[in-house]
Amino acid sequence: MTIEGRMPSLNDYIRAERGSLYAANAMKRECTGAAAWAARAARMPRFSRPVTVRFTWVERDRRRDIDNVAFAKKFVLDGLVSAGVIGNDTPQYVAGFEDRFEYDGRNPRIVVEVSDGA
């Protein structure tokens, strides 16, 4: 599945949370919803066994720290749960994940691949 655009970084989330707990909750709800929508639109299968999730974070440029960018995997994993792709984001359902980073000034996005972890 592909999520168009970019998601907030950890710094963005902390800034929102310090400003208003409601703003941080709204940010999480919006991002989790976008990930769930992308999973449904991609017609991702449901997995009953533990999965491996590969994230390709395609950023506009190299300005954001990659550890801050990858924070958004929380929103993506919660979106996969919401869409029914995985049962939960605990180790019982997620065997592991991999992060890759690429750059495209015109088309920032997150590409998410889910595969049977066994």
Side-chain angles (χ1 to χ4, degrees):
M1 80 175 187
T2 300
I3 303 168
E4 298 299 327
R6 44 183 234 175
M7 287 198 171
S9 69
L10 176 59
N11 291 339
D12 298 328
Y13 184 78
I14 289 171
R15 204 172 4 259
E17 191 173 47
R18 286 182 179 161
S20 162
L21 190 55
Y22 298 111
N25 287 337
M27 178 185 288
K28 182 186 183 309
R29 195 171 35 255
E30 180 181 331
C31 292
T32 298
W37 182 89
R40 288 184 194 106
R43 298 178 184 217
M44 295 187 80
R46 294 176 187 260
F47 292 88
S48 56
R49 297 187 350 173
V51 298
T52 299
V53 184
R54 178 190 227 177
F55 298 89
T56 303
W57 307 93
V58 184
E59 288 283 294
R60 275 191 196 109
D61 51 43
R62 297 174 189 269
R63 291 181 188 172
R64 301 196 310 169
D65 294 344
I66 61 174
D67 57 334
N68 284 326
V69 169
F71 160 79
K73 77 176 57 164
K74 175 63 178 160
F75 304 139
V76 175
L77 290 171
D78 288 349
L80 292 175
V81 172
S82 177
V85 174
I86 57 177
N88 205 323
D89 57 358
T90 62
Q92 180 181 353
Y93 297 93
V94 179
F97 34 76
E98 176 186 342
D99 293 302
R100 296 177 5 167
F101 297 86
E102 297 177 6
Y103 302 92
D104 181 343
R106 294 185 181 175
N107 186 20
R109 62 198 178 280
I110 305 163
V111 179
V112 181
E113 301 166 75
V114 180
S115 59
D116 193 307

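- Taken together through direct or relayed side-chain contacts under 4.5 Å among Ile, Leu, Val, Met, Phe, Trp and Tyr, L77 and L10 form part of one hydrophobic cluster.
- Here the CD atom belonging to E17 is positioned 10.0 Å from the CE atom belonging to M27, to the nearest 0.5 angstrom.
- For E102, the side-chain hydrogen bond (donor to acceptor under 3.5 Å, both in side chains) test picks out R100, with sequence neighbours left out.
- Atom CG of N25 sits about 13.0 Å away from atom CD of E30, to the nearest 0.5 Å.
- Closest approach of P50 and Q92 over heavy atoms only: CG-O, 3.5 Å.
- Rounding to the nearest 0.5 Å places CD of E113 at 11.0 Å from CE of M1.
- Between R6 and D12 no salt bridge is recorded (no basic side-chain N to carboxylate O distance below 4.0 Å).
- For the atom pair CD1 (I86) and CZ (R46), the distance works out to 12.0 Å, reported to the nearest 0.5 Å.
- What you find for L80 and A39 is that their closest heavy atoms are CD2-CB, 4.0 Å.
- The hydrophobic clustering, which links ILVMFWY residues whose side-chain heavy atoms are closer than 4.5 Å, places V111 and M44 apart.
- One distance of note links CD1 of I14 with CZ of F71; it measures 7.5 Å at 0.5 Å rounding.
- From T52, atom OG1 reaches atom CZ of F47 across 10.0 Å, with rounding to the nearest 0.5 Å.
- Closest approach of V76 to A35, counting heavy atoms only: CA-CB, 3.8 Å.
- Residues V85 and F97 fall within the same hydrophobic cluster, defined by Ile, Leu, Val, Met, Phe, Trp and Tyr side chains chained together at heavy-atom separations under 4.5 Å.
- Side chains of K73 and V53 form no contact here, defined as non-hydrogen atoms less than 4.5 Å apart.
- Using a 4.5 Å heavy-atom cutoff, the side chains of R62 and F101 are not in contact.
- The minimum heavy-atom distance linking A83 with A36 is given by the pair CB-O, 3.8 Å.
- Hydrophobic clustering (ILVMFWY, side-chain heavy atoms < 4.5 Å, transitive): F55 and I66 are in one cluster.
- A donor-acceptor pair is defined here as one N or O able to donate and one able to accept, closer than 3.5 Å; no such pair exists between the side chain of D65 and the backbone of D67.
- Tracing side-chain contacts under 4.5 Å through hydrophobic residues (I, L, V, M, F, W, Y), one never reaches V69 starting from V58; they form parts of separate clusters.
- A donor-acceptor pair is defined here as one N or O able to donate and one able to accept, closer than 3.5 Å; such a pair exists between the side chain of R109 and the backbone of N107.
- For Y93, there are no ring pair (Phe, Tyr, Trp, His ring centres under 6.0 Å) partners, not counting sequence neighbours.
- Closest of all the heavy-atom pairs between D89 and V94 is CA-CG2, 3.9 Å.
- Here the closest non-hydrogen pair linking A72 and P8 is CB-O, 3.8 Å.
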